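Have a look at the structure below before the remarks.
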Amino acid sequence: MSRDPRYDVLFEPVKIGPVTARNRFYQVPHCTGLGWLRPRMVAALRGMKAEGGWGVVCTEFCSIHPASDDLPHPYASLWDQGDIRAHSIMTEQVHEHGSLAGAELWFGGSRSTNLFSNEVAMDVANLPNAIGIPYQARAMDKSDIRELRRWHRNAALRARDAGFDIVYVYATHGYLLSHFLSSKTNTRSDEYGGSLENRVRLVRELIEETKDAVGDRCAVAVRFSADEGGDDDGDPVIGEHRDMIEMLAELPDLWDININDYSREMGVSRFIKEGSLEAYMSYVKSITSKPVVTVGRFTSPDTMVSQVNRGIVDFIGAARPSIADPFLPKKIEEGRIDEIRECIGCNICYTGDSTSTPIRCTQNPTISEEWRRGWHPEKIAPKGSDSNVLVIGGGPAGLEATRALGRRGYHVMLAEAKHTLGGRISRESELPGLGEWARVRNYRVHEIQNMHNVDVYFDNLMDVEHVLAVEADYVVIATGASWLADGRGLYNKTPLNELGPPEQVFTPDDIMAGRLPQGPTLVYDDDHYYMGNVIAELLRSKDIPVTLVTPEVMVSTWSDSTGEHGRVQRRMMELGVEIITSHALTAFNGNAAEVECAYTGNRRNIEVDAVVTVTIRSPKDGLFHELQQSLESGADYKPDSLTRIGDCLTPTIIAGAVFSGHRYARELDTEVDPDNRMKYDRVFFEDE
Ligand code: ADP
Ligand code: SF4
């Protein structure tokens with residue numbers, strides 16, 4: 001297939017100072033949870049983006065000097081010769097595919113605590129630690145500023161020596177330079193404080209000095225916020241930022257524009273839709289002749305073309321769409337739009353950074369696995385035998401196993417009890433705000449539909465006899481999990497003795513099946529992710545009074561890791577949900593629920609007509625165990641293997657189920673050394 005000429009503009013080369021990007025697809029700097037710790041993993045991840053057609057591929061932020069480290073988060077660094085070597089693995093892999101590599105130089109100021117280096121943090125003024133760690137940052141004096149400029153210059157030289165083509169001055173996201181810019185944090189009375197010109201001085205100096213140091217070979221990009229913040233859901237408050245960009249307009253070679261509110265810039269799809277930064281940054285191109293890039297979780301090529309043609313941006317910036325589908329540009333180029341694996345905006349990828357673990361993605365199970373498991377997002381080994389495979393259950397695990405096995409060329413029989421595919425995806429994507437999650441199902445169903453070697457059997461509730469009758473070579477069970485209705489979970493280790501009557505007790509499965517409570521309802525959230533608060537929202541939309549009770553100190557604690565907690569809390573408050581934290585459900589008698597303080601054990605009653613328990617799920621593994629038993633007791637037919645995957649193996653997030661299905665398909669008929677399941681990446685020694 002060939003490219004639709006409508007999308008030609010996306011494949012035009014664009015000059016950025018002394019270098020030229022081969023197209024308009026630009027992977028902006030994004031964290032991976034790999035950083036300096038895992039140089040080969042991160043290099044392979046970035047190289048894969050270049051192979052997939054991204055014309056520019058950037059690092060995550062790179063600390064310029066030990067005076068700013070970001071532990072416990074595994075940031076990248078450009079401190080020494082060892083770092084140059086580590087980064088050069090990435091730049092080589094990016095260059096191999098004709099793309100440009102960009103390095104984002106970073107100094108955290110009061111956002112970094114320096115828990116690794118034990119250096120005292122420095123910022124524009126004496127400031128509290130921005131993430132609430134009880135360390136403060138001291139005010140920089142003029143000699144500190146001179147040192148900072150020297151460190152920045154030297155890091156730029158190291159970036160050039162590592163082979164980078166674009167070097168960033170990073171002046172946003174609440175790090176040091178944004179504090180110099182802001183009149184709120186910059187209280188200095190010297191030439192770096194006070195007037196706009198003074199507050200912009202350091203950024204200007206760093207741009208000029210970076211250009212002077214590496215500008216003959218590298219482009220200098222500036223990452224800058226288009227707005228000053230303020231009301232994140234009302235009209236953008238641009239404030240002085242337009243003036244600042246005007247003052248520096250022609251100085252850098254490229255403007256990488258984002259906005260002040262991170263929960264919008266990187267917002268989950270429940271709250272923020274594609275292209276949401278436009279209203280904030282659309283003025284930028286009118287005041288600079290330099291190329292402009294911004295993000296917006298762009299997955300639609302039509303939206304991308306429209307952004308370019310209307311003069312909003314020159315480059316289509318992406319972090320998440322490039323994670324969900326590293327081959328997005330190639331698919332557009334080759335006219336394979338319907339094969340794009342669209343980001344669902346769940347921000348599981350962001351939890352890699354917030355929990356300091358290798359990045360994972362709901363849509364792309366191969367991310368982080370490029371080097372250590374050798375997984376390619378678009379290529380998979382051909383089948384290892386002529387065996388056929390029976391997959392039971394068409395949720396995310398079963399669908400992904402079927403899709404990947406089908407790609408390998410196996411004859412796959414997918415049996416699904418229901419009339420439709422998708423399992424939990426189909427149910428959960430009907431909940432308020434989660435519509436885009438259906439993309440997990442849609443992408444896989446679309447792929448499967450085009451495979452002649454895959455047969456789907458709907459309305460097939462499989463039991464042991466059915467499975468034995470099929471006589472498949474391999475049997476894989478992906479029958480999912482169901483929510484417990486007995487109150488057992490993280491807080492209550494055993495089922496509650498008094499929890500009834502059953503018709504007034506509900507689980508998320510009941511709610512998703514349309515069995516709703518009547519009257520005031522207590523939603524008991526001991527799951528701590530999205531399900532509790534989404535159900536609260538659903539019930540409020542039916543005018544049911546809701547009290548949300550959680551043993552944790554705040555609502556939906558884990559949603560902090562996906563960067564959505566602030567918006568979740570606000571949504572609950574705006575909907576009039578009564579929130580009771582640090583309390584657990586201990587009993588319910590049909591008229592009142594008893595809750596217990598997690599600290600004192602004091603108990604009190606709350607009058608409600610119904611309770612929804614959102615605690616833990618139980619694997620639906622009955623079929624697996626029955627089959628196992630039947631095979632052990634000498635059934636005539638024996639498959640080569642019987643395996644369970646996804647939530648049936650252990651209930652987890654959707655990304656976990658997809659990964660489980662993918663892994664099953666990858667490893668079938670292959671030798672996996674149980675003691676060395678993957679390669680182990682680690683940092684280099686300088687003299688290695
Ligand atoms: P996962 O997240 O592990 O993929 P889901 O709960 O989303 O699990 O999906 C499980 C799927 O399995 C559902 O679509 C369900 O209808 C199907 N299923 C459950 N039991 C059977 C069975 N015995 N035979 C066929 N399909 C089943
Ligand atoms: Fe998109 Fe979710 Fe994947 Fe992140 S984890 S790239 S938000 S699908």
Side-chain angles (χ1 to χ4, degrees), residues 30-32 266-270 272 274 297 299 318-326 328 341-353 359-368 390-402 413-429 436-437 439-441 443-444 456-467 470 475-483 508-509 512 562-564 617-624 626-627 644-662 664:
H30 74 74
C31 291
T32 58
M266 219 204 62
V268 292
S269 57
R270 180 173 170 198
I272 306 294
E274 184 181 32
R297 208 162 51 77
T299 57
R320 290 173 293 173
S322 75
I323 294 164
D325 196 343
L328 183 151
R341 201 167 40 242
E342 287 183 288
C343 167
I344 68 166
C346 61
N347 281 9
I348 286 300
C349 49
Y350 181 60
T351 67
D353 183 46
I359 187 169
R360 62 204 70 214
C361 168
T362 304
Q363 279 284 55
N364 176 11
T366 67
I367 197 93
S368 289
L390 172 63
V391 179
I392 301 170
L399 278 178
E400 175 60 15
T402 301
M413 295 162 279
L414 170 60
E416 166 54 51
K418 298 220 160 64
H419 198 57
T420 52
L421 293 171
R424 63 183 289 191
I425 294 294
S426 297
R427 297 190 296 276
E428 293 182 23
S429 60
E436 284 188 43
W437 291 21
R439 292 172 171 183
V440 175
R441 175 197 62 206
Y443 162 73
R444 290 170 175 84
V456 182
Y457 299 94
F458 293 99
D459 304 310
N460 257 273
L461 179 66
M462 301 292 281
D463 60 18
V464 173
E465 269 178 37
H466 293 130
V467 178
V470 175
V475 177
V476 54
I477 314 275
T479 44
S482 45
W483 289 89
D509 291 323
M512 289 188 281
T562 50
E564 63 190 301
R617 289 178 297 148
S618 177
K620 285 194 202 162
D621 52 7
L623 177 59
F624 174 82
E626 284 169 35
L627 264 171
R644 60 195 150 147
I645 59 170
D647 290 323
C648 170
L649 175 63
T650 189
T652 176
I653 56 173
I654 297 165
V658 171
F659 182 88
S660 173
H662 190 82
Y664 174 82

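Quantities reported herein were computed from a predicted structural model and do not represent experimental measurements. Counting starts at 1 for both ligands and their atoms, in listed order.
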Please identify which atoms of ligand 1 are closer than 4.0 Å to at least one heavy atom of [X].
| X | answer |
| --- | --- |
| A657 | 2 (O) |
| K418 | 16 (O) |
| A415 | 25 (C), 26 (N) |
| G646 | 3 (O) |
| N460 | 24 (N), 25 (C) |

For this session: Taking 2.8 Å as the upper limit, name the protein N, O or S atoms near atom 4 (Fe) of ligand 2.
Result: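 The answer is C349 SG.
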Considering distance alone, does some N or O of [X] sit under 3.5 Å from an N or O of ligand 1?
| X | answer |
| --- | --- |
| P396 | yes |
| G422 | no |
| M462 | yes |
| L461 | no |
| K620 | no |

Find the distance between [atom1] ([X]) and [atom2] ([Y]) and round it off to the nearest 0.5 Å.
| X | Y | atom1 | atom2 | value |
| --- | --- | --- | --- | --- |
| M512 | S426 | CE | OG | 11.0 Å |
| H30 | R320 | NE2 | CZ | 11.0 Å |
| F624 | I392 | CZ | CD1 | 11.0 Å |

Problem set entry | Which residues share a side-chain hydrogen bond (donor to acceptor under 3.5 Å, both in side chains) with R360, sequence neighbours left out |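 Result, side-chain hydrogen bond (donor to acceptor under 3.5 Å, both in side chains) vs R360: none returned.
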So which bit of [X] gets within less than 4.0 Å of ligand 1, heavy atoms only: side chain, backbone, both or neither?
| X | result |
| --- | --- |
| R427 | side chain |
| I392 | side chain |
| S660 | neither |
| I425 | neither |

Exercise. Looking only at heavy atoms, what is the nearest atom pair of T362 and R444, with distance?
Worked result: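 For T362 and R444, the tightest heavy-atom pair comes out as O-NH2, 4.4 Å.
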Problem set entry | Nearest heavy-atom neighbours spanning L649 and P619 |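 The pair with the smallest heavy-atom distance is O-CG, 4.4 Å.
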